[in-house]
Amino acid sequence: MPIEFNYCSSPDFEYREPYFSTNFDPNFRGWNRTNYLELEWGIWGHNLSKILKEYSLPQTAYAQVGNQRVEDQFCFTSDTLFKYVNERIGSIYATDSALNKYMILPNDNDIVCTCNTCKAVGNTTTDAAPAVFNFLNSLARNHQELSFFTTAYVTVREIPKFKAATNVGIFYSTIHIQKGIPIEETKDFKDFEYDIKKWRNYVDNVFIWDYTVNFDNYFDIYPSIKVTQKNLKLYKKLGVNGVFLHGSEYDYSTFQDLKTTLFAKLLWDTTINVDQEINTYFHENFPKKLAGALTNYYTFIDNTFFLNKEELGIYSGINKSVKKYLDPKVFFSFYNEFDTNTEKNKYDKDFLKIATALTFLKLEIMRDNGVGTYGFATLDSENQIIVKNETILLLDRLTAFSRASNLKTYNEVNYTIEDYIKSWRQNIFRYHKRKHFFYKKPFKVLSKLDEDYKNIKTLNDAAFGLKDYNTNWLICSVDNLVLKIDKEEIKQSKKITLSFLQDTKHAIFYPSVIEILDTNYKIIKRLKLPSEDENIGTKEVSIDLPTKFDDEQLPNTFIVNIIRSNVVGKNALACDEIIFN
């Protein structure tokens, strides 16, 4: 072989998977030497129930809690459970010998089996690791050619007192510490370092399950490449030998092709020059002028994201993205520059996908800003909200771009772009030329606020909330919402209009009662709201303020009392804009 072609290298990690749809392409994997779970894992994730559905499991296969068997969790010392799982693994491997890795996880909850045999191997009421590793060891002995993994997660945290088989490994999830900051620079570093060293001393294979997108908004750019690079260097130093980078899976996320390419390179060599690779990628895939704009902006935000120590979790609203890296002034300027390339690239699917995401992102910034330079509207001299023409244009563009690129959803739970646009139009139709005498006026909150929701400006900043609870909603779960307002601030108003969210998955419900009270808590107006069955939705509620003909008048200082729903169990209230008009 000619010497110029004789180049050998070894990867920094044995297992390397950036989990984006870009990596599903065999040509991409061939060039970038990445793994793909569909081709290697016979069982992945919390899927024991799926592979066992053809069997009729006896009650003894399920966890015992007290004197009861609970079908939400398995008993990992059950002979019957082992028999069926062992049998299914044998049949899966016989069908496809490339499926040589198997993930055995307890169901995703904190239930632990404490039957006599589970307690005998070491289980406690909070620790299922002894029974799980006993189960893994038995499988490993029966299938020595295969690898078996569980995750260091929820009830599997501690090291059992017995040895693990050599073909047993662990996945360590960073879900609770991934906040857009290098792990070494967080308060979690020492615990993380201790945990990885602990597991490295127990099993030969320690893999990391890491996260690289905002799952609440796949169109959030979340430029975490340099943060991920520093984390990968840490993982390598600690002896981790496999990394699964959880991306947007089958759905599109902004600049996913760039991310997947660079993550694949970093998983092979953690020392690459990220800025140089960004430049190379864009200039190899886009026309020169567009490539220059994309390179300059992405390099800027990736460095900003890396240097800014503000937290940005993997479930976050647009306001936190703005604080972290998404400066509206810089983004709006970039968007205008990007847009000058639209005519020449209007048939390019990759360009159209980016255009869809960036247009969505601009609308989100405008929604979060409400009124003003970077908002969706202005406020005129008569305190009327005037929706900008640009807002209408952007909604039209989002409709056109998303259709042309065939993008339909924008987050993990498949919220649709079509519904997003519809909700926008409904809100701006209501808001346009609506008077807002309470805009940014002072008021007091008399009730106790949740630790993470103390920004009361959300209630009168003219920015509206949609179905995502992360943006523009004040969430109250520890108390009702009680406001104290001076009449002088809203003296021209004839009614009060309030907006609410219901999202039953997150235990957020419409309120049950809204009251207007005097300072002695005597009722002036009271509106009881009927309960509604919808799982997720928003609604406005209006109450006419007393006129001079009413018996009960509005005092100089009054109280608005918004009472949470009376549903049993966990229960929160989400309130957005309070408008006196």
Side-chain angles (χ1 to χ4, degrees), residues 1 3-42 44 97-103 145-149 151-152 166-174 178 182-184 192-193 196-197 199-201 203-213 224-247 249 256-281 284 302:
M1 181 178 288
I3 190 67
E4 58 266 31
F5 298 118
N6 188 9
Y7 175 74
C8 298
S9 65
S10 57
D12 286 347
F13 300 99
E14 173 190 326
Y15 187 88
R16 305 173 303 281
E17 182 166 7
Y19 197 45
F20 293 84
S21 59
T22 308
N23 189 58
F24 300 171
D25 181 356
N27 290 324
F28 179 90
R29 296 197 302 274
W31 280 106
N32 292 279
R33 300 161 293 186
T34 52
N35 299 84
Y36 179 39
L37 68 88
E38 301 286 356
L39 298 180
E40 299 181 41
W41 291 84
W44 175 263
S97 61
L99 300 174
N100 60 4
K101 300 179 183 67
Y102 293 81
M103 194 178 290
E145 71 281 18
L146 306 180
S147 297
F148 296 91
F149 287 78
T151 57
T166 55
N167 53 332
V168 166
I170 192 85
F171 256 104
Y172 190 97
S173 169
T174 65
Q178 179 55 268
I183 292 174
E184 286 179 285
F192 174 78
E193 182 181 42
I196 298 301
K197 288 180 177 179
W199 286 112
R200 283 288 296 126
N201 289 330
V203 293
D204 291 339
N205 289 308
V206 174
F207 289 6
I208 293 288
W209 189 319
D210 215 341
Y211 304 85
T212 59
V213 293
S224 61
I225 297 174
K226 282 192 175 176
V227 169
T228 301
Q229 179 181 39
K230 188 163 184 180
N231 285 339
L232 290 174
K233 288 179 179 179
L234 172 64
Y235 303 157
K236 179 186 174 183
K237 183 175 73 173
L238 293 175
V240 169
N241 50 351
V243 181
F244 174 81
L245 295 175
H246 198 153
E249 304 182 12
Q256 67 172 28
D257 293 343
L258 165 74
K259 282 186 172 183
T260 314
T261 301
L262 265 67
F263 288 148
K265 290 176 181 289
L266 285 165
L267 288 166
W268 188 275
D269 177 5
T270 60
T271 66
I272 65 170
N273 185 317
V274 167
D275 290 345
Q276 183 177 311
E277 292 291 344
I278 291 171
N279 180 73
T280 300
Y281 173 84
E284 286 181 351
D302 195 66

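Keep in mind that this is a model prediction, so the values were computed, not measured.
- Taking the six-membered ring for Trp and the full ring otherwise, the centers of Phe244 and Trp44 sit less than 6.0 Å from each other.
- Residues passing the salt bridge (charged side-chain N to carboxylate O under 4.0 Å, His left out) test with Asp257, sequence neighbours excluded: none.
- The ring-ring contact (aromatic ring centres under 6.0 Å, His included) search around Trp31 returns none, not counting sequence neighbours.
- Close placement of the Phe24 and Tyr19 rings is indicated, their centers lying within 6.0 Å of each other.
- Taking CD1 from Ile183 and CD1 from Ile196, the interatomic distance works out to 8.0 Å, rounded to the nearest 0.5 Å.
- For the pair Leu37 and Tyr15, the minimum side-chain heavy-atom distance is below 4.5 Å.
- Contact check for Thr34 versus Glu17: no side-chain heavy atoms found under the 4.5 Å cut-off.
- A donor-acceptor pair shorter than 3.5 Å cannot be found between the side chains of Asn100 and Glu145.
- Under the side-chain hydrogen bond (donor to acceptor under 3.5 Å, both in side chains) rule, Asn35 has a single partner from Glu40, Lys101, Arg16, which is Glu40.
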Could you go step by step and tell me if Ile225 and Glu277 meet the side chain to side chain contact (heavy atoms under 4.5 Å, CB included) rule?
CA-CA 11 Å; Ile225 297 174; Glu277 292 291 344; over 6 Å; no
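- The shortest distance between side-chain heavy atoms of His246 and Gln178 does not fall below 4.5 Å.
- The side-chain contact (heavy atoms from CB on, under 4.5 Å) check on Asn205 picks up Glu14, Phe149, Phe207, Asn241, with sequence neighbours excluded.
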Any chance you could lay out the side chain to side chain contact (heavy atoms under 4.5 Å, CB included) test for Lys259 and Leu245, step after step, and finish with the verdict?
CA-CA 11 Å; Lys259 282 186 172 183; Leu245 295 175; over 6 Å; no
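- Remark: Phe192 pairs with Tyr172, Tyr235 by the ring-ring contact (aromatic ring centres under 6.0 Å, His included) rule, at least two apart or across chains.
- For Glu193, the side-chain contact (heavy atoms from CB on, under 4.5 Å) partners at least two apart in sequence or on another chain are Phe189, Lys190, Lys197, Leu238.
- Across all non-hydrogen atoms, the minimal contact from Ile170 to Thr151 is CD1-C, 3.7 Å.
- Among residues two or more places apart in sequence or in another chain, the side-chain contact (heavy atoms from CB on, under 4.5 Å) test is passed with Asp275 by Lys226, Asn273, Thr299, Asn303.
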